[in-house]
Amino acid sequence: MSVQKLKETILNKINRATEKALGQIPEHLELGFPPNTELGHFAVGCFPLAKQFRKSPAEIAKKISEKITPDDVIQEVNVSGPYLNISIFPDVLFGKFCSEIISENNKYGESSVGQGTRGMVEFLSPNTNKPLHLGHLRNGALGMSISKILEATGHWVVKANLINDRGVHICKSMLAWKRWGDGSTPESEGLKGDHFVGSWYVRFAQEADKNQTIEDDVQIMLQQWEAGDPETVKCWETMNNWVYDGFAETYKNFGLEFDVFYYESDTYKMGKDVVQKGLGKNVFSKDDHDNTVFHLPVAEFGQEKGGEAKKVTLLRPDDTSLYITQDIGASILKIEEHKLYFSIYVVGSEQEYHFKCLFQILSSIGYEWAKDCHHLSYGMVYLPEGKMKSREGKIVDADVLIAEMKKLAADEIRQRDPEGLLSDDEINHRAKKIGIGAIKFYLLRVRPTQSINFDPAESISFDGFTGPYCQYAYARIFGILAKAQDSAFNLQDCDFSLLGNAQELLLLQKLIQFPEEINNAVQGFNPSKIAVHIFNTAKAFNQFYNKHHVLRAENEKLVTARLALIKATAIVLKKGLNLLGIEVLENM
RNA sequence: GCGCCUGUAGCUCAGCUGGAUAGAGCAACGGACUUCUAAUCCGUAGGUCGCAGGUUCGAAUCCUGCCAGGCGUACCA
């Protein structure tokens, strides 16, 4: 009997009892959990039945309970006000769930609700004029996690990175390097490529403060680039390649993976012909200044003070395109090239209006898939002094943060290894997983719409509601399982009737809830659901661990049953952390 | 002005498809390592759920108004 069947069995029993007691099958009931494990293992609130049977929920609960007879699954049913609290025989309860989790292993919690539909998650989307910062890490962590969660729920995901590699800001670092760089390279300066290029972007800003005319020079440079001037294009390629080398290193360190890269230099002209076609079909029109514009539907977007519809400009009078025009082109390209059914854009909340307009325009042009485009919007990352602004140097650099967290983790590991038994390689290996795990968990543990106030002094720690806390629980379990290897247990021989104390019940409850939380996460595009649940699972394990022994339990049968329970726990912890893009460690 | 987001314990946040006494973590204080890893656990203390109405048997959760903060608001990306 599977877990799903067990739940159905319980609900069926209640349905039949309701029919006996009140003459009708209930319209809708949900199986939940009581607030504490002493009340029972599952709970059903009778509120939804009040209308159907025109009685108070408490009265209904009482009548139903009278018609439920214990059997080989249900041990007893208690009524507490409007609730039916149901207890299951421990051997069935623990037996079913532990066996199922262990046999499904890393597939536990997955579902096929996505039915194999293919979609794209576009995230990170960096500019090639400066290194990545903390905001990019939030974006990257979200993009990776939501991709994994979509895959776990039966979707086919293409991870895309649309790189903003052209434009006046890119030309700024080019101009500064050409003028003052004196042939220097990342190698000659001993810098990561993206940091090297970023330093010239900063230099440009400094020079521009002294001398406004270079702002004009950079516009000329942009024109030369657009005209395909060989020298400018060569410089652009050289510098972008330096940046890509640097980015690749950061992607690798932080665990960011992409299936496809798009470059704005390839796509920035693409929206134009779509707009011009739409102009012919009267989807778009010309305004007084000869701009090509789109009128937003008043019902959704409201109207201007004068009463006319709001509009979006798509082409300037000289037919040059704007950001949204490019995005129209890129959106269509992505869908057609990869035969997508849905398309997700992981982009900061400051662009919500942009995407609302973009999806509306695509829909108005006639693309039905526009309804399956989703902007996964997330809040800003603030520093104590305010919003991050790279031009003012108020940023947390991604590489610096990663290195710092890794170092903090390494210090912590060394403290736990006073005799120096661990090799530098091993310390490095662990420190990386722990440091990155701490950053990712910190960025993913709150819902995306929340802005994050990043206080470098105290924001990211290894204690409490953190990634390392969850990793630690896993490592503890791994330690026990490793020691138990000699007495390898067989699921068939487990006597699960021995389990059932408060800590074991709470832990099992967390394991049971896991698949549902994955579902919640995917429906709300919200990985924090998983972060919170994995923390609660780790906490439930630590509470169990501190109160009960596994290997030194009272008797051999209890040892085996508990081994099965913690093995199932390890599976859930690992799966959950992996869905957040966090790796587990076997030793900490 | 308008739109979206946010407002819950000293701080950072869960809970927000209405339901059992509002939960964590951090910080504070007090405990637990001869026992499977103390990056742990237990306890104490800490809350007019921004304010005011409304809907409901029942509201942190839904509706309306207001207050405060953030972001956005057509020819930047």
Side-chain angles (χ1 to χ4, degrees), chain A residues 34-36 39 43 45-48 50 56-57 80-83 85 125 127 164 167-169 264 287 289-296 300-305 310-317 320-327 348-354 356-357 377 379-380 382 386-387 409 412-413 415-416 434 438 442 445-447 449-453 455 458-459 461-473 475-484 523-524 528-529 531-532 535-536 538-539 541-553 559 562 566 587-588:
Chain A
N36 67 64
L39 290 168
C46 295
F47 305 102
S56 76
S80 171
Y83 291 94
N85 290 320
S125 314
N127 295 343
N164 186 332
V168 69
H169 51 302
E264 204 185 286
D287 74 357
H289 308 286
D290 206 31
N291 291 310
T292 304
V293 299
F294 174 76
H295 291 274
L296 295 159
E300 288 92 12
F301 290 83
Q303 55 194 22
E304 296 288 358
K305 277 175 225 157
K310 292 185 177 179
K311 53 190 184 179
V312 178
T313 302
L314 299 167
L315 291 175
R316 297 188 184 93
T320 53
S321 57
L322 283 86
Y323 173 47
I324 195 157
T325 322
Q326 299 167 28
D327 250 9
S349 60
E350 70 274 19
Q351 293 199 33
E352 270 171 23
Y353 186 71
H354 167 78
K356 203 179 161 194
C357 292
S377 164
M380 312 243 166
Y382 294 97
K387 190 183 167 182
E412 197 81 10
I413 293 164
Q415 261 183 39
R416 279 151 225 276
I434 294 168
Y442 174 78
R445 69 183 191 175
V446 301
R447 61 182 192 274
T449 49
Q450 276 284 358
S451 55
I452 292 180
N453 298 301
D455 186 341
E458 56 185 80
S459 277
S461 91
F462 298 149
D463 302 324
F465 186 23
T466 65
Y469 175 97
C470 302
Q471 291 171 317
Y472 184 63
R476 276 179 149 178
I477 296 175
F478 189 87
I480 300 171
L481 293 175
K483 283 200 174 107
Q523 279 182 9
S528 82
K529 294 278 182 188
V532 169
F535 170 69
N536 286 330
K539 188 175 162 66
F541 168 75
N542 278 327
Q543 288 170 331
F544 162 78
Y545 179 92
N546 269 276
K547 189 139 186 176
H548 307 285
H549 294 289
V550 176
L551 296 176
R552 284 167 220 211
V559 170
R562 283 186 176 160
I566 66 167
N587 292 290
M588 274 177 82

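Naming: A, B, ... by sequence-line order, numbering from 1 per chain.
Contacts of D290(A) with the nucleic acid, taken as non-hydrogen atoms under 4.0 Å apart, are absent. Using a 4.0 Å heavy-atom cutoff across all strands shown, S80(A) reaches at least one base atom of the nucleic acid. Among the atoms of the strands shown, none is found under 4.0 Å from any heavy atom of L296(A). Residue K539(A) is in sugar-phosphate contact alone, with no base atom involved, counting any heavy-atom pair closer than 4.0 Å across all strands shown. Using a 4.0 Å heavy-atom distance criterion, Q351(A) is classed as a base contact. Residue V550(A) is classed as a base contact, given a heavy-atom separation below 4.0 Å to a base. When heavy atoms are screened at a 4.0 angstrom cut-off, Y323(A) is found touching base atoms of the nucleic acid. Looking at heavy-atom distances under 4.0 Å, H295(A) makes no contact with the nucleic acid at all. Residue-level contact check: N127(A) touches neither bases nor backbone, having no heavy atom under 4.0 Å from any strand. I324(A) comes within 4.0 angstrom of nothing in the nucleic acid, heavy atoms only. In this structure, P317(A) reaches neither bases nor backbone, as no heavy-atom distance under 4.0 Å exists between it and the strands shown. Nucleic acid contact class of E264(A) (heavy atoms, under 4.0 Å, all strands): sugar-phosphate only. Counting any heavy atom pair closer than 4.0 Å across all strands shown, A473(A) reaches no nucleic acid atom.
Distance, R316(A) CZ to rC76(B) C1': 8 Å, rounded to whole Å. Residue R445(A) contributes atom CZ, which lies 11 Å from atom C1' of rA14(B) at whole-angstrom precision. When rounded to the nearest whole Å, the span between CZ of F541(A) and C1' of rU40(B) equals 10 Å. As a whole-Å value, the separation of I566(A) CD1 from rU40(B) C1' is 15 Å. With rounding to whole Å, H354(A) atom NE2 is found 15 Å from rC71(B) atom C1'. Between the CZ atom of F535(A) and the P atom of rG23(B) there is a distance of 15 Å, given to the nearest Å. Distance F544(A) CZ to rU40(B) P: 18 Å, rounded to the nearest Å. Atom CD1 of I452(A) and atom P of rC71(B) are 16 Å apart (whole Å).
Contact check, Q450(A) against rG7(B): a side-chain N or O comes under 4.0 Å of OP1 or OP2. In terms of phosphate contacts, K529(A) brings a side-chain nitrogen or oxygen within less than 4.0 Å of OP1 or OP2 of rG15(B). Neither OP1 nor OP2 of rG3(B) sits under 4.0 Å from any side-chain N or O of K310(A). Not one side-chain nitrogen or oxygen of S349(A) sits closer than 4.0 Å to the OP1 or OP2 atom of rC4(B). Distances shorter than 4.0 Å separate some side-chain N or O of R447(A) from OP1 or OP2 on rU6(B). Contact annotation: Y353(A) does not reach the phosphate of rA77(B) (side-chain N/O to OP1 or OP2, under 4.0 Å).
Closest heavy-atom contact between A438(A) and S461(A): CB-O, 4.3 Å. In this structure, N127(A) and N164(A) approach most closely via the heavy-atom pair OD1-CB, 3.0 Å. Between P468(A) and M588(A), the closest heavy-atom pair is O-CE, 3.7 Å. The shortest heavy-atom contact between F301(A) and C357(A) is CE2-SG, 4.0 Å. Listed here is the closest heavy atom pair of E352(A) and S377(A): OE2-OG, 2.6 Å.
With a 6.0 Å cutoff to the six-membered ring centre and a 45° limit on the axis angle, R476(A) counts as a cation-pi contact of Y545(A).
For the C1' atoms, the distance from rC16(B) to rG50(B) is 16 Å, rounded to whole Å. With both ends at atom C1', the span from rG58(B) to rA22(B) equals 15 Å, rounded to whole Å. rA28(B) and rG46(B) have their C1' atoms separated by 10 Å, given to the nearest Å. On the P atoms, rG43(B) is 23 Å away from rU48(B), given to the nearest whole Å. To the nearest whole angstrom, the two C1' atoms, one in rU44(B) and one in rC49(B), are 23 Å apart. Rounded to a whole angstrom, the distance from the P atom of rU21(B) to that of rA27(B) is 31 Å. Across rG23(B) and rG47(B), the matching C1' atoms stand 11 Å from one another, rounded to whole Å. A distance of about 31 Å separates the P atoms of rG10(B) and rC4(B), rounded to the whole Å.
Annotation: of the two residues near RNA chain B, H169(A) and A50(A), the 5′-most nearest-nucleotide partner is A50(A). In this structure, H549(A) and H289(A) both approach RNA chain B, and ranking their closest nucleotides by distance from the 5' end singles out H549(A).
Glycosidic conformation of rC57(B) is anti; the angle lies outside 90° of 0.
Looking at N291(A), its side chain comes within 3.5 Å of the base of rC75(B) through a donor and an acceptor atom. With hydrogens and angles ignored, no donor-acceptor pair closer than 3.5 Å exists between the side chain of D463(A) and the base of rA38(B).
When ring centroids are compared, F541(A) and Y472(A) stay outside the 6.0 Å threshold. Two rings, from F462(A) and Y469(A), have their centers 6.0 Å or more apart.
Residues satisfying the ring-ring contact (aromatic ring centres under 6.0 Å, His included) criterion with H548(A), sequence neighbours excluded, are F544(A).
For RNA chain B, if you chain together Watson-Crick or G-U pairs that step i with j, i+1 with j-1 and so on, the runs of at least three with distances under 3.5 Å are B:1-7 with B:67-73, B:10-13 with B:23-26, B:28-32 with B:40-44, B:50-54 with B:62-66.
Centre separation under 5.5 Å together with a plane angle under 30° does not hold for the ring of F465(A) and the six-membered base ring of rA24(B), so they are not marked as stacked. Stacking here means ring centres nearer than 5.5 Å and ring planes tilted less than 30 degrees, and by that measure Y83(A) stacks onto rA20(B).
Checked against rC5(B), rC36(B), rA20(B), the side chain of A43(A) finds its nearest nucleotide in rA20(B). Side-chain atoms of P35(A) lie closest to rA20(B) of the nucleotides rC41(B), rC75(B), rA20(B). Side chain of Y545(A), nearest nucleotide from rC36(B), rU40(B), rC71(B): rC36(B). With distances taken from any side-chain atom of Y382(A) to the nucleotides rU40(B), rU12(B), rG70(B), the minimum falls on rG70(B).
Under the 4.5 Å side-chain criterion, counting only non-hydrogen atoms from C-beta, V532(A) is in contact with F465(A).
Not one N or O on the side chain of N291(A) forms a donor-acceptor pair closer than 3.5 Å with the backbone of V293(A). Without hydrogens or angle criteria, R562(A) side chain to A553(A) main chain gives no donor-acceptor distance under 3.5 Å.
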